[in-house]
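Read the structure below first, then the notes.
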There are 2 protein chains.
Amino acid sequence: MSKKGVSASKQATTSKVTIVDVAEKAGVSLGTVSRVINNDIHVATETRERVLAVTKELGYVANRQARSLAGGKTNTIGVIVRDLGTGYIGEIIRGIDSELNLSGVDLVLYTTHRMVSKEASYVASLAQGMVDGLLLVLPRSPVDYIGTLMEHNFPFVLIDHQGTGTDCPAVGATNWQGAYNATEYLIKMGHQRIGFITGSMDLGCAEDRLQGYRSALRTHHITEDAELIYEGDFLQTDGYTGASALLDLPNPPTAIFASNDVMAMGVMDAVRNRGLRVPNDISVIGFDNIPQSAMVFPTLTTVQQPLEQMGRVATQMLLGILKTPEKESGRIELPTELLVRNSTSAPIDRAG
Amino acid sequence: MSKKGVSASKQATTSKVTIVDVAEKAGVSLGTVSRVINNDIHVATETRERVLAVTKELGYVANRQARSLAGGKTNTIGVIVRDLGTGYIGEIIRGIDSELNLSGVDLVLYTTHRMVSKEASYVASLAQGMVDGLLLVLPRSPVDYIGTLMEHNFPFVLIDHQGTGTDCPAVGATNWQGAYNATEYLIKMGHQRIGFITGSMDLGCAEDRLQGYRSALRTHHITEDAELIYEGDFLQTDGYTGASALLDLPNPPTAIFASNDVMAMGVMDAVRNRGLRVPNDISVIGFDNIPQSAMVFPTLTTVQQPLEQMGRVATQMLLGILKTPEKESGRIELPTELLVRNSTSAPIDRAG
DNA sequence: CAATAATTTGGAAACGCTTCCAATTTTAGC
DNA sequence: GCTAAAATTGGAAGCGTTTCCAAATTATTG
């Protein structure tokens, strides 16, 4: 008593209502209350309603920790992201969030701050039972731990990553097709020299976008010019320096395709900084469609990645795996879409 | 046995090492192992080392759920944020994260997606025992629940919010001073007509920044012109429309001070969109110093808010409260600093 | 050297819930 | 109307810790 008295005073909340209180008040056993809470079929309708009423009356809230301990699952999933700086991740999390809300599962967030080493260590410790499953957003070096994860049969879904070789649950976007379409759009508008700024080339999506660009050129019989390809790292400054380099070329491009929107912003800065205009002098096109893209001026033509939807779908997949682990689930590709806005136009005829 | 066999096969991880296994192997009681793990003083050095060795050998990892259940605390804190779209929140979380890493406490993230209603409901359910404490980043309507929180004596810290009237743990920045300094800097450079774009006026920080701007004008005997103040909502588009409106004035400003960096980006867009140049024709100044500010061109002069540090300090405060609840902690204000970059210069002499 | 105090350890009772087994009640079948 | 099957419920054994109490061991003191 005295012992409990002390800890109770330190207890922040007054919520001391347990399943036992409910059982007592409802005149049933504790097991029955548990069944009601967990929507077990084996409980009479009349009993269920009575229990539910008492539950509400007493303001009973299940103790997560106890449930986890007894039930063997945490009702929590871990989300590992690289950083939170750009709108990109935020959109994905929005999708994850909304899906999780419906299922009463919680989200524990881990940020690696672009440090590769942290990725593996987070994965290791989280898989140790702290969470039921893992969502890996834009993982950098999944090879390090995917093997372990699969070996231990630990549920996880990759978001926006491809090309591990092994076939594992993942959701991505049609990066190749998106880049192809965007490039083709520029070509059909009359652009012949199109600069390209890549993303982090250790990421599958970056590679795919580059290949899409290349294929489009090839299809339209435009010889690829290595000078027009600048390797970036998905950061705004890369867009700026890349565009600057491209514009310094003896024969500069009339359009620049950046592998993500953030770099495209940098490109626009660089273009304007030289007194050129977007899109009049240089067309600019991005990839992702982060919220900001519609808010800058000129608004950015970009390849929309269904970021929120990707988060949502990945969450559904993970929840599905959690429910029925035996059911195999592979890679899902969500379609990208070219969003034409105001940063692109036909090239001016310099020859004329 | 058969029962465990089944659930074991469903168990994802192989980590079945419990405190009991360690105790057995080390030849001590389970209580002793617990003491070692928790750094209890009452354990012989020799015993401690032996236990520690076994712990490592067996790869023992404490079960969080069980600890929480038995110990009465979750070792988790909840972080409630508005959104993740801008770098602003990301920086703060980075600070929280690094501080939390050191203490082995976990972070459960809740995003309200700018929906005020969600704030209160999250707070309510989290305070119900799911987390030990709460970090509220840029809360919108804290009045709704701060009372309840304090009543129940539930640990929490407000980040970047002021003016609730009640004195509660909070960390903020010297918004007033920052705005004052920025405005004064512009004035001293020769600007007389300075446009101002406010943030969400239901947020204390936005109000403070406006007042800082006003005070600086007053100090330097510049009559305030209501036309030069445009009410925004911290979004990029507000910067654009606000700047457009200001530039349309018969007597437009020579400098524009946006209440945050994101809006300042919008301002720069608007300025350039009219064929004017930053900073030659119009000086632009922001507030926050999000990472992007150093990456745009021209780089943005801004008032640096120590965002990461705010996250860090707030976390320390919360952890402190968790440890010694009786110790009162009030509001902490971290200093802001004017960061002069390339988006500001002396005004051109139009009269001349 | 006995007696007392201090240190170290073992043991067991929670923590709040899930889940299995068995008992009880109800329903169906003939 | 009686038996077998199905539905419903109660009871209890964990889940892996923490923490309190008491026992055992060691050190201290007069």
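We name chains A, B, ... by the order of the sequence lines, and we start the count at 1 in each one.
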task = Using a 4.0 Å heavy-atom cut-off across all strands, classify B/Gly71 as base, sugar-phosphate, or nothing.
result = sugar-phosphate

Whichever of A/Thr45 and A/Gly31 has its nearest DNA chain D nucleotide further upstream toward 5' = A/Thr45

Distance test, side-chain N/O of A/Thr32 to OP1/OP2 of D/dT8, below 4.0 Å = no

message = Which heavy atom of B/Leu135 sits nearest to which heavy atom of B/Ala314, and what is that distance?
response = CD1-O, 4.0 Å

remark   = Picking from D/dT18, C/dG11, C/dT8, the nucleotide nearest the side-chain atoms of B/Arg35 would be C/dG11

message = Side-chain N or O of B/Ser68 versus OP1/OP2 of C/dC15: is the shortest distance under 4.0 Å?
response = no

ask   = Does B/Ala66 or A/Leu30 map to a spot on DNA chain C nearer the 5' end, using the closest nucleotide for each?
value = B/Ala66

query = Closest heavy-atom contact between B/Asp83 and B/Ile89?
reply = O-CG1, 3.2 Å

key: Out of D/dG16, D/dT9, D/dG10, whichever nucleotide has its closest atom nearest the side chain of A/Val28   = D/dG10

inquiry  = When you compare the side chain of A/Arg67 with that of A/Lys73, does any pair of heavy atoms fall below 4.5 Å?
reply    = no

key: Spacing of B/Glu46 atom CD relative to D/dT25 atom P, expressed in whole Å   = 15 Å

request  = Name the closest nucleotide to the A/Ser34 side chain, picking from C/dT19, C/dT9, D/dC15.
outcome  = C/dT19

task = Rounded to the nearest angstrom, tell me the gap between atom CG in B/Asn63 and atom C1' in D/dT18.
result = 13 Å

note = Regarding the side chain of A/Ala70, the nearest nucleotide among C/dT8, D/dG14, D/dG16 is D/dG14

ask   = In terms of the nearest nucleotide of DNA chain C, which residue is placed more toward the 5' end: B/Ser29 or B/Leu69?
value = B/Ser29

request  = May I ask you to verify if any side-chain N or O of B/Asn38 is less than 4.0 angstrom from the OP1 or OP2 atom of D/dT18?
outcome  = yes

task = May I ask you to say whether B/Arg331 pairs ionically with B/Glu333, meaning some side-chain N is under 4.0 Å from a carboxylate O?
result = yes

ask   = Considering heavy-atom distances to DNA chain D, does B/Tyr60 or A/Ile41 have its closest nucleotide positioned more toward the 5' end?
value = A/Ile41

